[in-house]
Amino acid sequence: MGMFERDTEIYRNRDALREDYQPAKLVGRDEELERYKTALQPVINGEQPNNIFLYGKTGVGKTAGTRFLLDHLIEDAAQYDDIELTVKILNCDGLSSSYQIATRLVNKFRADSNQISTTGYPRATVYDMLWSELDACGGTIIIVLDEVDHIEDDSILYQLPRARANGNLTEAKIGIIGISNDFSFRDDLSPKVKSSLCEEELQFPAYDANELIEILSQRAEVAFHEGVIDDGVVELCAAYGAKDAGDARQSLDLLMKAGDLARDHDTDTITDNLVRDAREELERGRIREGISGLTQHGHLVLYALLTLEQQGKTPVRSRDVRPRYTSFAEQVGADPLVPRRMRDHLGELSMLGIISAVERNEGRRGGTYREYSLDMDTQMILTALEETVAQVGIHESVAQMVDQETTLSEYT
DNA sequence: CTTCCACGGGAAGTGATGGTAC
DNA sequence: GTACCATCACTTCCCGTGGAAG
C-alpha cells in the first residue's frame with residue numbers, strides 16, 4: 001500500500017459543481033439570454049458595441065450567462081474576417097478605485113513579463129497606458145466589469161465609453177458590460193455615466209425553488225455517480241439557496257461541500273445530515289475569512305464583545321463595550337481608538353454577520369443607540385480568532401475564561 | 001407642538017506605507 | 001538620494017435623524 005490511496009469515489013466529475021463550470025444549457029434564463037443576445041448583436045455586425053448594464057442578486061446566473069454568451073460570440077465572430085474581437089473580464093471585487101481598475105486592465109492586455117505595479121503612478125499615466133494598450137489591441141474590445149459596484153468613483157466608467165470620442169483612441173471600438181448586484185448603484189451614478197453605461201439594461205431575477213432544484217439536479221447528474229445522493233438532498237440544498245434570495249451559487253457550494261465531507265468520511269452516500277454539517281462548515285469558513293480580514297483593533301473589539309457575551313452582559317451598547325475594549329487595547333500596548341472609530345468596527349462586525357445589532361431609541365432620555373450581541377457560537381468565534389490572530393496575551397486569558405466559564409474579576 | 005439624546009454618515013485632514021521616475 | 005503618487009486606518013468635526021420626554 002502506498003502513501004496515497006484513492007478515496008471512495010462518489011464523484012464522477014466534481015468540477016460540475018464548481019462556479020466556473022459551464023453546462024451546455026443554462027436553466028431558467030431563456031428570456032434574459034435572448035435579450036442579452038440581442039444587445040450583443042452589433043458586435044457581429046461590425047458596429048460599435050452597446051454598453052450593457054446587467055443587474056440581479058448574487059448567484060442568479062449573471063456571470064455564468066455572460067461567459068456563456070461571450071464564448072459563443074467569440075466563436076461566431078471568428079467566422080467573419082472583418083471582426084477582431086477581444087473580450088476581457090475583470091472582477092472588481094477588492095478594487096475600490098478607478099485607478100485600481102485601470103491598472104488591472106492594463107495588465108490584462110500586457111504579457112506576464114511586462115506587468116505594471118498597482119501603485120505608484122500618477123492617475124493620468126495609468127490612463128495613458130490603458131489607451132495605448134487598447135489601441136495596440138485594436139478591433140472590437142468588450143470589457144466586462146463584474147461586481148462593478150465595488151468601484152467608489154465614476155472616473156473610469158466615464159472615461160472608457162468616451163475614450164474614442166475624446167480622441168484617446170483611434171483604432172479600438174470599446175464596449176463595456178457592467179455587472180452589479182447592487183440595485184442602488186445604478187441610481188447613484190452621475191447622469192452622464194448612467195446614460196452611456198446603461199444603454200442596454202438587463203435584469204436577472206432570482207431563481208425560485210423549482211429552478212434551483214432543476215439546476216442542482218442538472219449538475220448533480222454530471223457530478224456524482226448513480227445513487228450517491230439521498231432523496232431530498234437536492235431539495236434541501238435548493239431550499240437553503242432559495243431562502244437566501246434564490247442564490248444558485250450558494251446551493252451548489254453547499255452540495256459540493258456535502259460531497260467533500262462524504263468523501264473525507266469514506267461514506268458513499270450524501271444524507272440530509274451531511275448537508276447540515278456542510279452548512280455549518282461553510283459558515284465557519286465565512287466567519288474565519290471575515291475575521292482574518294479585520295485589523296488589530298477589529299479583533300480587540302470582537303474579544304471585548306466575546307467576553308461580555310460570556311458574562312451574559314449582552315446585548316450591550318457601544319458605550320458599555322468601550323471600557324472592556326480599552327482595557328484589552330492597553331494590555332497589548334496599543335492606543336485605544338476614539339469611540340467613533342470603535343463604533344465603525346462594531347458596524348463592520350455586524351456587516352460580516354459575526355455580531356448582530358438592534359437599533360433602539362429611547363427618545364429624549366436615551367436617544368438612538370444600537371445594542372450588540374454575538375450572532376455565532378462563542379467557541380466557534382474563539383477558534384477562528386485563534387487561527388488568524390497573533391494577539392497572544394489577550395487570547396490566552398479570554399480562552400481560559402470561556403473554557404472555565406468563570407468571570408475574571410479584573411475585567412469588570 | 002418643541003426639545004434633546006446618542007447615534008450614523010460624511011467631509012477634510014494626517015501620517016505611515018509602499019510604490020514609480022529621475 | 002529626492003520628488004511624487006495612491007491608499008489605508010485613523011482622527012476630528014459637523015450635521016441630520018427618530019422618537020420619547022417635556
Side-chain angles (χ1 to χ4, degrees), chain A residues 90 92-107 109-110 112-133 147 149-159 182 184-185 187-190 290-305 308 313-326 328-330 332-373 388-391:
Chain A
L90 178 65
C92 306
D93 186 22
L95 309 176
S96 57
S97 65
S98 289
Y99 180 91
Q100 296 288 354
I101 304 299
T103 59
R104 305 306 142 111
L105 282 177
V106 168
N107 282 338
F109 284 94
R110 289 199 175 185
D112 282 350
S113 55
N114 197 21
Q115 302 272 296
I116 62 166
S117 153
T118 57
T119 52
Y121 303 100
R123 180 182 268 115
T125 310
V126 176
Y127 277 24
D128 284 344
M129 290 185 204
L130 181 56
W131 307 141
S132 58
E133 291 301 329
E147 306 195 49
D149 48 303
H150 286 73
I151 313 175
E152 281 161 18
D153 66 285
D154 277 357
S155 160
I156 192 110
L157 299 178
Y158 179 76
Q159 297 283 348
D182 182 0
S184 63
F185 176 75
D187 300 329
D188 293 343
L189 289 171
S190 74
I291 286 178
S292 70
L294 299 173
T295 61
Q296 182 196 31
H297 289 287
H299 294 136
L300 292 172
V301 170
L302 185 53
Y303 276 118
L305 205 67
L308 289 164
K313 291 180 180 168
T314 53
V316 60
R317 58 192 299 172
S318 74
R319 90 164 42 134
D320 299 324
V321 176
R322 187 157 176 79
R324 179 68 49 89
Y325 156 75
T326 42
F328 281 171
E330 277 156 19
V332 299
D335 288 342
L337 297 179
V338 98
R340 179 71 185 84
R341 185 66 190 144
M342 194 198 77
R343 286 201 299 272
D344 282 345
H345 280 298
L346 285 168
E348 220 171 296
L349 287 167
S350 84
M351 286 273 271
L352 290 168
I354 298 171
I355 70 176
S356 61
V358 179
E359 194 157 306
R360 313 238 314 145
N361 193 330
E362 289 183 59
R364 196 172 182 175
R365 180 152 45 92
T368 50
Y369 59 93
R370 288 174 186 185
E371 284 189 321
Y372 300 92
S373 43
T388 53
V389 182
Q391 220 55 259

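Note on naming: letters A, B, ... go to the chains in the order of the sequence lines (proteins, then strands), and numbering restarts at 1 for each one.
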Original post:
If you check every side-chain atom of A/Arg364, which of B/dA6, C/dT11, C/dA20 has the closest atom?
Top reply: C/dA20

**OP:** For A/Ile116, report the nucleic acid contact type (base, sugar-phosphate, nothing); a contact means any heavy atom under 4.0 Å.
**Re:** nothing

Original post:
Under the salt bridge (Lys or Arg N to Asp or Glu O under 4.0 Å) test, which residues partner A/Arg319, sequence neighbours left out?
Top reply: none

**OP:** Could you tell me whether the phosphate oxygens of C/dT7, OP1 or OP2, come under 4.0 Å of any side-chain nitrogen or oxygen in A/Gln100?
**Re:** yes

**OP:** Given side-chain hydrogen bond (donor to acceptor under 3.5 Å, both in side chains), test A/Tyr325 with A/His345 step by step and report yes or no.
**Re:** CA-CA 11 Å; A/Tyr325 156 75; A/His345 280 298; over 6 Å; no

Subject >> Side chain A/Thr326, main chain A/Arg322, donor-acceptor under 3.5 Å >> reply: yes

Subject >> Base C/dG18 to side chain A/Arg360, donor-acceptor N/O within 3.5 Å cut-off >> reply: no

Original post:
Hey, is the side chain of A/Thr368 pairing donor to acceptor with the base of B/dA6 inside 3.5 Å?
Top reply: yes

Original post:
What is the distance from CD of A/Glu362 to P of B/dT3, rounded to the nearest Å?
Top reply: 22 Å

Original post:
In Å and rounded to the nearest 0.5 Å, what is the OG to CZ distance from A/Ser350 to A/Arg370?
Top reply: 7.0 Å

Subject >> Minimum-distance nucleotide (side-chain atoms of A/Asn361 versus B/dC7, C/dC10, C/dG19) >> reply: C/dG19

Original post:
Quick one: which of C/dA6, C/dT12, B/dG8 gets closest to the side chain of A/Arg123?
Top reply: C/dA6

Subject >> Protein-nucleotide distance (A/Tyr369, atom OH; C/dA20, atom P), rounded to Å >> reply: 12 Å

Subject >> Integer-rounded Å distance: B/dG19 P and A/Met129 CE >> reply: 16 Å

Original post:
Hey, which of these two, A/Arg370 or A/Arg365, hits DNA chain B nearer its 5' end, going by closest nucleotide?
Top reply: A/Arg365

**OP:** Please say whether the positively charged group of A/Arg360, taken as NZ for Lys or CZ for Arg, lies over the ring of A/Tyr369, i.e. under 6.0 angstrom from the six-membered ring centre and within 45 degrees of the axis.
**Re:** no

Subject >> Nearest-angstrom distance from the residue atom OH of A/Tyr325 to C1' of C/dC10 >> reply: 10 Å

Subject >> Atom-to-atom span, CG of A/Asp344 to C1' of B/dA11 - whole angstrom >> reply: 14 Å

**OP:** Write down the distance between CG (A/Asp128) and P (B/dA21), rounded to a whole number of angstrom.
**Re:** 13 Å

Original post:
Just checking A/Glu359: base, sugar-phosphate only, or nothing, at a heavy-atom cut-off of under 4.0 Å?
Top reply: nothing

Subject >> Closest to side chain of A/Ser117, choosing from B/dC7, C/dA9, B/dG19 >> reply: B/dG19

Subject >> Side-chain N or O of A/His345 closer than 4.0 Å to phosphate OP1/OP2 of C/dA9 >> reply: no

Original post:
Taking CD from A/Gln115 and C1' from B/dT20, how many angstroms apart are they, rounded to a whole number?
Top reply: 16 Å

Original post:
Which part of the nucleic acid, if any, lies within reach of A/Arg340 when heavy atoms closer than 4.0 Å are counted: base, sugar-phosphate only, or nothing?
Top reply: base

**OP:** For A/Thr118, answer base if it contacts any base atom (sugar-phosphate contacts may also be present), sugar-phosphate if it contacts only those atoms, and nothing otherwise; contact means non-hydrogen atoms under 4.0 Å.
**Re:** nothing

Subject >> Out of C/dA9, C/dC8, B/dA6, whichever nucleotide has its closest atom nearest the side chain of A/Ser96 >> reply: C/dC8

Original post:
Could you give the CZ-to-P distance, from A/Arg341 to B/dT14, as a whole number of Å?
Top reply: 18 Å

Original post:
Is a side-chain N or O of A/Ser98 found less than 3.5 angstrom from the main chain of A/Asp153, in a donor-acceptor match?
Top reply: yes

Original post:
Which nucleotide sits closest to the side chain of A/Tyr121: C/dT12, C/dT7, B/dA21?
Top reply: B/dA21

Original post:
Given C/dT11, C/dC8, B/dC7, which nucleotide is nearest the side-chain atoms of A/Arg343?
Top reply: B/dC7

